[in-house]
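The structure under discussion appears below in the form of C-alpha cells.
Computed over heavy atoms, backbone and side chain alike; hydrogens, waters and symmetry mates excluded.
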Amino acid sequence: MKNNKKWGMLALIMMFWFTISFITNILGPLIPDIIQNFELKDLAMAGFIPTSFFLAYAIMSIPAGILIDKYGEKLVLFTGFLMPFIGTVLFACFPFYSILLVSSFIIGLGMAMLQTVINPLQRVVGGEENYAFIAELAQFVFGVASFISPLVYTWLIHALAPGVYQPGKNFLLDILADITPVTLPWVSLYWVFTVLLLIMLLIVSLVHFPHIELKDDERSGSSASYKKLFRQRYVWLFFLGIFCYVSTEQGVSIFMSTFLEQYHGIDPKTVGAQSISYFWGSMTVGCLFGMFLLKLIDSKRLLQISGILSMSLLLIALFGSAEIAVWAFPAIGFCISMMYSIVFSLALNTVTQNHGSFAGILCSGIVGGAGGPLLVSLVSDATSLRTGMLLILIFMGYITFIGFWAHPLVNNKTVSLEELVTFKKQKIRF
C-alpha cells in the first residue's frame with residue numbers, strides 16, 4: 001500500500017473510532033433527561049437502556065468475526081454503520097421510551113460489528129511494525145470523542161432551550177428545532193448521530209478496503225476449543241474480571257450525573273454532563289500515563305494500586321461534599337484506565353493456544369455493561385442510589401483481587417508493554 005493511501009486509510013479509520021465513541025458514550029448525560037421526560041417510575045427502567053445496548057454487544061461479539069470470514073470486511077463494515085443509522089433514525093422520528101430500548105439494541109449490534117472489523121483493519125493498513133503506535137492513537141481518538149460528546153449535548157440542550165433559542169440566528173439549530181420536540185431538546189443529539197452515520201455510510205460505500213486475514217487472537221475458534229476453555233476455572237475467573245470492569249466503567253459514567261443531581265442539586269445538563277466528559281477525558285490521560293508506569297511497575301502491582309485508589313475515590317465521591325464529588329468521580333476514570341488491558345493481558349497469558357476463542361469469551365464479558373448498571377439501579381430503587389452505587393465498590397474489589405491471585409496463574413510472566421498495547425484492541429467501552 002502506497003504511503004499516501006496508507007495514511008489516508010488510517011485517517012479514515014480514526015474517523016470510524018471517533019464516530020463509534022461519540023455515539024456510544026453519551027448515555028450517562030442522557031439518563032436524567034430520560035427519567036424526567038419519560039416519567040420513569042424507578043431507576044431500573046432507566047437501567048434497561050444500557051442493558052439493551054450491551055446485551056446486543058455481547059450477543060454479536062463472537063458472531064461478528066464469523067461474518068467477516070464469510071462475507072468480507074466491507075459488507076460487515078457497511079452493515080455495522082447501517083444498523084446504528086437505523087437505530088438513531090428510528091428514535092429521532094419516534095422519541096418514546098419503548099423505541100429507545102429497541103434503538104439501543106440495534107445500535108449495540110452494529111457497534112459490535114464495527115469494533116470487530118476495524119481492529120484487524122487498522123493492523124492490516126498500518127502494518128505490524130506500527131501497530132502499537134496506531135493502537136494508542138486509536139485509543140486517544142476514542143477518548144477525545146468520549147470527552148467531546150457530553151459537551152455537544154450541553155451545548156445543544158442550552159441552545160435549543162425555550163427562551164434561549166432564537167429562529168434565524170443559526171441554520172443548523174433552525175433545522176434541529178424544526179425536527180426535534182420542544183420538550184425533548186436532547187433528542188436533537190440523535191439527529192446529529194444520524195448525519196454522522198450517514199457520512200460514514202457514504203464513505204464506506206465509495207472506498208476500497210484491503211482484504212483482512214484475521215489472526216488467531218481475532219478469529220473465533222471451533223466449538224471444541226470453547227468447550228475446552230469453559231471447563232477451565234481461570235476462564236470464568238477472568239471473564240468475571242472483564243464483567244466487573246465494564247460494570248465499573250458504565251456504573252460510574254451512567255449514574256454519576258444522576259447522583260450529583262439527587263444528593264447535591266447539581267444541574268445534570270451542565271456540571272453533571274461536564275463531569276462525565278472529564279471522566280472520559282481523565283481515562284484517556286490515564287491510558288497514556290499508564291503506558292509509562294508499566295515500564296516502572298509490575299502490571300499486577302499496578303492493578304492492585306489502581307484498584308485501591310479507585311475504591312478510595314468512589315467512597316470519597318459517594319460520601320464527600322459536592323465540591324469533592326465533582327472532582328472525585330472524574331478522577332476514577334484516571335485510576336481505572338489501565339484495568340481492562342491488564343486483566344485481558346493476564347488472561348491471555350494463561351493459555352498457549354485457543355487465543356481467539358478465549359478473547360471471544362473475554363469480550364463477551366462486556367455484558368457487564370448490561371448487568372452491572374441494572375443491578376445498581378435495582379438496589380438503588382430498593383434502598384438509595386448511594387447504596388446502589390456501593391455495588392461498584394464490590395466490582396472494583398474483585399478486579400483489585402485479580403492483581404493478587406493472578407500471580408501463580410500466569411506462571412510469574414509479567415505483562416509487557418507490547419502485550420498491553422496489543423490487547424487494548426480488544427477493548428470495548430461505553
With [X] via side chain to side chain donor-acceptor pair (under 3.5 Å) - residues at least two apart:
{"X": "Trp186", "result": "Asn37"}
{"X": "Gln304", "result": "Arg301"}
{"X": "Ser312", "result": "none"}
{"X": "Asn170", "result": "none"}

Could you name each residue pair satisfying ring-ring contact (aromatic ring centres under 6.0 Å, His included) that touches residues 92-126, not counting sequence neighbours?
none
Using the ring centroid of each side chain, check whether Phe238 and Phe344 are separated by less than 6.0 Å.
no
Would you indicate whether the side-chain heavy atoms of [Y] and [X] approach each other to under 4.5 Å?
{"X": "Ser299", "Y": "Ser345", "value": "no"}
{"X": "Ser188", "Y": "Val192", "value": "no"}
{"X": "Phe91", "Y": "Cys93", "value": "no"}
{"X": "Phe209", "Y": "Leu12", "value": "yes"}
{"X": "Pro373", "Y": "Pro50", "value": "yes"}
{"X": "Tyr165", "Y": "Asp174", "value": "yes"}
{"X": "Thr284", "Y": "Ser146", "value": "no"}

Within the supplied structure, the quantity of interest is the number of heavy atoms (other residues, nucleotides, ligands) at a distance under 6.0 Å from Phe140 CZ; does it exceed 12?
no
Non-neighbouring partners of [X] that pass ring pair (Phe, Tyr, Trp, His ring centres under 6.0 Å), sequence neighbours left out:
{"X": "Phe255", "result": "none"}
{"X": "Tyr263", "result": "Phe259"}
{"X": "Phe193", "result": "Phe22, Tyr190"}
{"X": "Phe279", "result": "none"}

Throw together a table of side-chain donor-acceptor distances under 3.5 angstrom for residues 196-208, partners on residues two or more places apart or in other chains.
{"residue": "Ser205", "atom": "OG", "partner": "Leu201", "partner atom": "O", "Å": "3.2"}
{"residue": "Ser205", "atom": "OG", "partner": "Leu202", "partner atom": "O", "Å": "2.7"}

Between the side chains of Lys300 and Asp298, is the shortest nitrogen-to-carboxylate-oxygen separation below 4.0 Å, so that they form an ion pair?
yes
Look at the aromatic rings of Phe395 and Phe243 and report parallel, tilted or perpendicular, splitting at 30° and 60°.
perpendicular
Return each pair, listed once, that meets side-chain hydrogen bond (donor to acceptor under 3.5 Å, both in side chains) where at least one residue sits in residues 374-399; pairs must be two or more places apart or across chains.
Ser384-Thr387
Just jot down the side-chain contact (heavy atoms from CB on, under 4.5 Å) partners of Thr79, sequence neighbours excluded, or say none.
Leu75, Met83, Met113
Closer than 3.5 angstrom, by distance alone: can the side chain of Ser21 be matched with the main-chain N or O of Trp17 as a donor-acceptor pair?
no
